[in-house]
Amino acid sequence: MSFTKGFFANISVLIALAYLFNVGYKYIFQHASVQFKNRIAVAIFIIGGWLSMLFGLRVQADTLVDMRMVPVIVAALVFPNPRTVLLIGAGIGIGRLFFNYDINGWLAFASMIVLGLAGMGLSIWLRKLNWRFVWKCTAAVLVLNLVYTLNAMLAHLLVPPSPYEYWVSIGYVAFPLRVLLSAVFIAMVRDFQKEQMRVEELRAMNMLLRRQTRELREAKREVEEKAGELLLASRYKSEFLANMSHELKTPLNSIILLSQLIRDNDEGRYEHDEVSYAGLIQTAGNELLQLINDILDLSKVEAGKIDVVFEPVLLRDFVQALQQQFQPLADQKGLQFEIETELEAPDSLVTDELRLNQILRNLLVNAIKFTEQGSVKLTIRLETSPGLTELRGTGRRRNWNFASWGRPVKRPVGVQRISFTVSDTGIGIDPEKQKLIFEAFQQGDGAINRKYGGTGLGLSISLQLARLLGGGLTLQSEKGTGSSFTLSMPTRPLSLVSKTND
């Protein structure tokens, strides 16, 4: 009964000490240095051996039966420095001398020194092996418990009881219990070690995330500052372009007017060469004026200073004006030009007629310019979308090349969208170039720029204007077969539609 109480007392002491060590290591020494933590761990291991002896079972008033070897076994598996294992064994052995400063105390001290040396050698050997941790634990528990038991039996050659009496009375029970309890404590310490490793990893990740968060905040602040600077620079650039465009247009208009007077030569003052030169000056001036107007429009769009005035527009009059404007250009190049309006298209729409005309003019000019032979066609249709009522009609189309207007049809209620598609049989655009042409100063390639001329601003301006009108601009093209640009927009602004619905 006393033997059982002694073992349970040892177990209770070691468990309590392990728990206190866990709590202290986690909360008290959390921010201490690694060297300080190692020293504290060594001291606690030695104190654990002392307390194990203090609550151990006394046999014949001189012999102690306890679990003092457990700290050495655990140290052989946990501590990276093998000499630490010897230090712990020697520290526990010194504590044994405090109980009995006699032959038994010195024999116990020597036994712990031998156990520490065995644990140090075992630690070095196990670190060279590529075993799983469970097999290393098994080897450490069996070897060091066996060494401790042999030391105890050799010590009893000098002091009573004899080795045989020791083994028969205590040893045969103590050895398997020590092995079992050593394995239990190693499992506890291993679990504690894993928890500490997870805590350290989480702490390291937390520090890394904090540092990355701080760096991201600094980077975000720098990006915001740069964005503000770029926005300010863009505004200054747009204002500068707008101001300079106005400044350049005044003398340029004078040059164009004077060159036109010379070219007209109403009074016959100038020779044929002078008139020819005046014509060249006027042509170059008109091209420069168009460039300045494009830059002015682009700068206004980027600066957000362009005005959009929505008003009713009669589609028939608008289409006739386009027909009269571009038919001569198409005839000059020998192209077939056609404007086709589907029967379901509305009679009128509410939009900015000036900006709509500017978009379609850019698209039609490009279509005629990049088409050498074939046709250019503008198709106007009402787009179908969910929520619109089904249109009733014959499905026939109205052609604005003829005078027939057609009969009215029933219109859908709600938000309606109309599309203007400009199709040509020109050079087409490579798929990889189709996104670039909507950017400012971009064309198909340098050869096209040199052959056909232009600034590459027309499509960029058209896209921005289409967005201002509540629509968008899309492209379908294939190299060598032609292109189709589609302007899609509501027949009236959404604000007006919402008020009507309300």
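No experiment lies behind these values; they were computed from the predicted model shown. All residue numbers refer to positions in the sequence shown, counting from 1.
- Contact annotation: the side chain of M489 approaches that of I418 to within less than 4.5 Å [non-hydrogen atoms, C-beta and beyond].
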Mind running side chain to side chain donor-acceptor pair (under 3.5 Å) on S488 and E383 for me, showing each step along the way?
CA-CA 8 Å; S488 175; E383 292 184 349; 2.8 Å; yes
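- The CZ atom of F337 lies 5.5 Å from the CD atom of Q323; values are rounded to the nearest 0.5 Å.
- When every heavy atom of A76 is checked against every heavy atom of G119, the shortest pair comes out as CB-O, 3.8 Å.
- In this structure, G48 and P71 approach most closely via the heavy-atom pair C-CG, 4.4 Å.
- Within the 4.5 Å cutoff, side-chain heavy atoms of K333 are placed close to those of I368.
- Closest approach of L459 to L473, counting heavy atoms only: O-CD2, 4.4 Å.
- Considering CG of L465 and CZ of R467, their distance stands at 11.0 Å, rounded to 0.5 Å.
- Atom-to-atom distance recorded for F326:CZ and L360:CG is 8.5 Å, nearest 0.5 angstrom.
- The line from CE of M205 to CE of M207 is 13.0 Å long, rounded to the nearest 0.5 Å.
- Counting only N and O atoms by type, the side chains of N362 and S462 include a donor and acceptor under 3.5 Å apart.
- Atom CD of E218 sits in a crowded spot, with more than 12 heavy atoms from other residues, nucleotides or ligands closer than 6.0 Å.
- Counting heavy atoms from C-beta outward, Q416 and L382 have side chains that approach closer than 4.5 Å.
- How far CD of E311 is from CG of L354: 9.5 Å, rounded to the nearest 0.5 Å.
- Atom CD of Q476 sits in a sparse spot, with 12 or fewer heavy atoms from other residues, nucleotides or ligands closer than 6.0 Å.
- Under 3.5 Å, the side chains of N357 and E353 contain no donor-acceptor pair of N or O atoms.
- In this structure, a donor-acceptor pair under 3.5 Å is absent between the side chains of T421 and T379.
- Side-chain contact annotation: S123 with R127, donor-acceptor N/O pair under 3.5 Å present.
- Side-chain atoms of K377 do not come within 3.5 Å of backbone N or O of V422 as any donor-acceptor pair.
- In this structure, P493 and V350 have side chains that are in contact, with non-hydrogen atoms separated by less than 4.5 Å.
- Of the listed residues (L208, T213, L209), just one forms a side-chain contact (heavy atoms from CB on, under 4.5 Å) with R211, and that residue is L208.
- The heavy-atom pair separating S484 from S423 by the smallest distance is OG-OG, 3.1 Å.
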Show your working on side-chain contact (heavy atoms from CB on, under 4.5 Å) between V141 and I73 and close with a plain yes or no.
CA-CA 6 Å; V141 169; I73 298 173; 4.1 Å; yes
Go through F310 and L469 one step at a time and tell me if the side-chain contact (heavy atoms from CB on, under 4.5 Å) criterion holds.
CA-CA 9 Å; F310 291 97; L469 298 180; 4.2 Å; yes
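- When the ring-ring contact (aromatic ring centres under 6.0 Å, His included) test is applied to F79, the partners found at least two apart in sequence or on another chain are F45.
- No side-chain donor from either of T425 and Q373 sits under 3.5 Å from a side-chain acceptor of the other.
- When all heavy atoms of L314 and S348 are compared, the pair lying nearest together is CD2-CB, 4.1 Å.
- Looking only at side-chain heavy atoms (C-beta outward), R132 and K136 stay at 4.5 Å or farther from each other.
- Rounding to the nearest 0.5 Å places CG of L356 at 9.0 Å from CG of L315.
- R210 places a side-chain heavy atom less than 4.5 Å from the side chain of N206.
- Checking R361 against Q358 by side-chain atom types alone, no donor-acceptor pair falls below 3.5 Å.
- Of all the heavy atoms in P82 and M120, the pair that sits closest is O-CG, 3.3 Å.
- Two residues are said to be in side-chain contact when any heavy atoms from C-beta on lie closer than 4.5 Å; T491 and T351 fail this criterion.
- Between the D424 side chain and the S483 main chain, a donor and an acceptor come within less than 3.5 Å of each other.
- Taking the side chain as every heavy atom from C-beta outward, I380 and S419 never approach each other to under 4.5 Å.
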